[in-house]
Number of protein chains: 2
Amino acid sequence: MTFGNYIRQTRSNLCEKDKKYSLRQTAQRIGVEPAYLSKIERDEVAPPSEATICKLAQDLSIDADVLLAMAGKVSKELQDIIKQRPQLFAELIRQLKNAPDKAVLRVVREIRDGDW
Amino acid sequence: MTFGNYIRQTRSNLCEKDKKYSLRQTAQRIGVEPAYLSKIERDEVAPPSEATICKLAQDLSIDADVLLAMAGKVSKELQDIIKQRPQLFAELIRQLKNAPDKAVLRVVREIRDGDW
DNA sequence: TGTCATGTGTACTACATAGTACACATAATA
DNA sequence: TATTATGTGTACTATGTAGTACACATGACA
């Protein structure tokens, strides 16, 4: 599933229940030209900027991290956290590269619930 | 310490022992014009591309992740790993944002040594 | 003392990013 | 049926990125 396809599908599903999710009205809310959103949804152009993706995610109730990933991006926010301690996070992420989801999830929980 | 300052300092230290670390020769090895490297070292321009930073890191024996961080970047490689599982990694990184180094290190070791 | 290497100033450039502006055909609706 | 809203085609643009090309002054050194 491409970025554009996913947006179009999500938006037009919402549009069936509520006309405010028409392409034009959605474009207006997120602050871009309708023609541009149209091109985005048909993958005629590359995905938009991080800021625009986040507005889109919020408007369509999509997880911003996931939508950014579909666009081939990682949020500046996460990048900033990594840059604070590049060696540590780089090693951690590489270690977890091939770990199963279960393992990563276990680490997340440990940290959340643990006595750090 | 800025990116440029750090490069200049590292390079000129090396240059004292070995003239092959002159600005011109270094520039040639990493594949850029001397004038450009000069501007980089004096922070007259923004840090170069990821590819050029990595060549610099290798040539000057600097940790690439650290050098990239000084340039305000996170490697595409790490970003790609995150994009594979955006929700999981986003949560993990945010959880660890305010954790002390010791805690992150403990997690790294646990994963490295553990039975994942 | 002539040559060679060094670092730097100035001017220019190719390509990518992230869009806008406007016209147009079609579909819905009052 | 006149109006309004909708999605899209075409053309254009501003800004940023990542450099190159060449000339020039200075210092080393053989």
Side-chain angles (χ1 to χ4, degrees), chain A residues 2-57 59-60 64 67-76 79, chain B residues 2-57 59-60 64 67-76 79:
Chain A
T2 66
F3 181 83
N5 277 211
Y6 185 61
I7 297 297
R8 167 138 303 185
Q9 197 167 308
T10 305
R11 185 187 58 70
S12 46
N13 279 345
L14 289 168
C15 195
E16 280 171 29
K17 310 273 165 184
D18 188 342
K19 279 184 295 184
K20 82 173 191 184
Y21 289 103
S22 77
L23 185 149
R24 276 182 118 94
Q25 291 187 43
T26 303
Q28 171 143 21
R29 278 193 307 278
I30 67 167
V32 299
E33 290 292 312
Y36 185 44
L37 181 54
S38 171
K39 276 178 275 190
I40 290 169
E41 291 194 350
R42 287 171 295 120
D43 297 301
E44 205 190 283
V45 296
S49 67
E50 178 173 340
T52 299
I53 289 171
C54 288
K55 284 185 219 158
L56 211 45
D59 196 82
L60 305 180
L67 199 53
L68 283 164
M70 293 196 77
K73 308 189 189 211
V74 170
S75 75
K76 291 294 173 207
Q79 291 191 45
Chain B
T2 66
F3 181 84
N5 277 211
Y6 185 62
I7 297 298
R8 167 140 303 185
Q9 196 167 307
T10 305
R11 186 186 58 72
S12 47
N13 280 347
L14 289 169
C15 194
E16 281 171 29
K17 309 274 165 184
D18 189 341
K19 280 183 295 182
K20 83 171 191 183
Y21 289 103
S22 76
L23 185 149
R24 276 183 119 93
Q25 291 186 44
T26 303
Q28 171 143 25
R29 278 194 305 279
I30 67 167
V32 300
E33 290 291 313
Y36 184 46
L37 181 55
S38 171
K39 277 177 274 190
I40 289 170
E41 291 194 351
R42 288 171 295 120
D43 297 301
E44 205 192 282
V45 297
S49 67
E50 178 173 340
T52 299
I53 289 171
C54 288
K55 284 185 218 160
L56 253 170
D59 196 82
L60 305 179
L67 199 53
L68 282 164
M70 293 195 77
K73 309 191 188 209
V74 170
S75 74
K76 291 293 171 208
Q79 292 191 44

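- Relative to the axis of its first five pairs, the axis of the last five pairs of the helix from dT1(C)-dA30(D) to dA30(C)-dT1(D) sits at 0°, rounded to 10 degrees.
- At the heavy-atom level, V32(B) lies under 4.0 Å from the strands shown only through sugar-phosphate atoms.
- Remark: nothing in residues 7-25 of chain B comes within less than 4.0 Å of DNA chain D through any heavy atom.
- Remark: E33(A) engages no residue in a salt bridge (charged side-chain N to carboxylate O under 4.0 Å, His left out) (not counting sequence neighbours).
- Looking at E50(B), its side chain never comes within 3.5 Å of a backbone N or O of L68(B) through a donor-acceptor pair.
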* To do: Show your reasoning for whether side chain to side chain contact (heavy atoms under 4.5 Å, CB included) applies to L37(A) and T26(A).
  => CA-CA 9 Å; L37(A) 181 54; T26(A) 303; 4.2 Å; yes
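- In this structure the side chain of V74(A) never reaches within 4.5 angstrom of the side chain of V74(B), judged on heavy atoms.
- Annotation: the span from D43(B) atom CG to I7(B) atom CD1 amounts to 10.0 Å, rounded to 0.5 Å.
- Extent of DNA chain C lying under 4.0 Å from chain B heavy atoms, first and last nucleotide in 5' to 3' order, is dT6(C) to dA11(C).
- Here CD1 of I30(B) is found 6.5 Å from CD1 of I40(B). Values are rounded to the nearest 0.5 Å.
- A distance of 12.0 Å separates OG1 of T52(B) from CG of D59(B), quoted to the nearest 0.5 Å.
- Looking at heavy atoms from C-beta onward, R29(B) lies out of side-chain contact with K55(B) at the 4.5 angstrom threshold.
- Distance check, rounded to the nearest 0.5 Å: CD of Q25(A) to SG of C15(A) gives 8.0 Å.
- Near DNA chain D, meaning a heavy atom under 4.0 Å away, the residues from residues 33-44 of chain A are P34(A), A35(A), S38(A), K39(A), R42(A), E44(A).
- Taking CG of L56(B) as the reference point, atom OH of Y6(B) lies at 11.5 Å (rounded to 0.5 Å).
- Every pair passing salt bridge (Lys or Arg N to Asp or Glu O under 4.0 Å) that includes a residue from residues 9-28 of chain A is listed here, sequence neighbours excluded: R11(A)-E41(A).
- No side-chain heavy atom of Y21(A) sits less than 4.5 Å from a side-chain heavy atom of N13(A).
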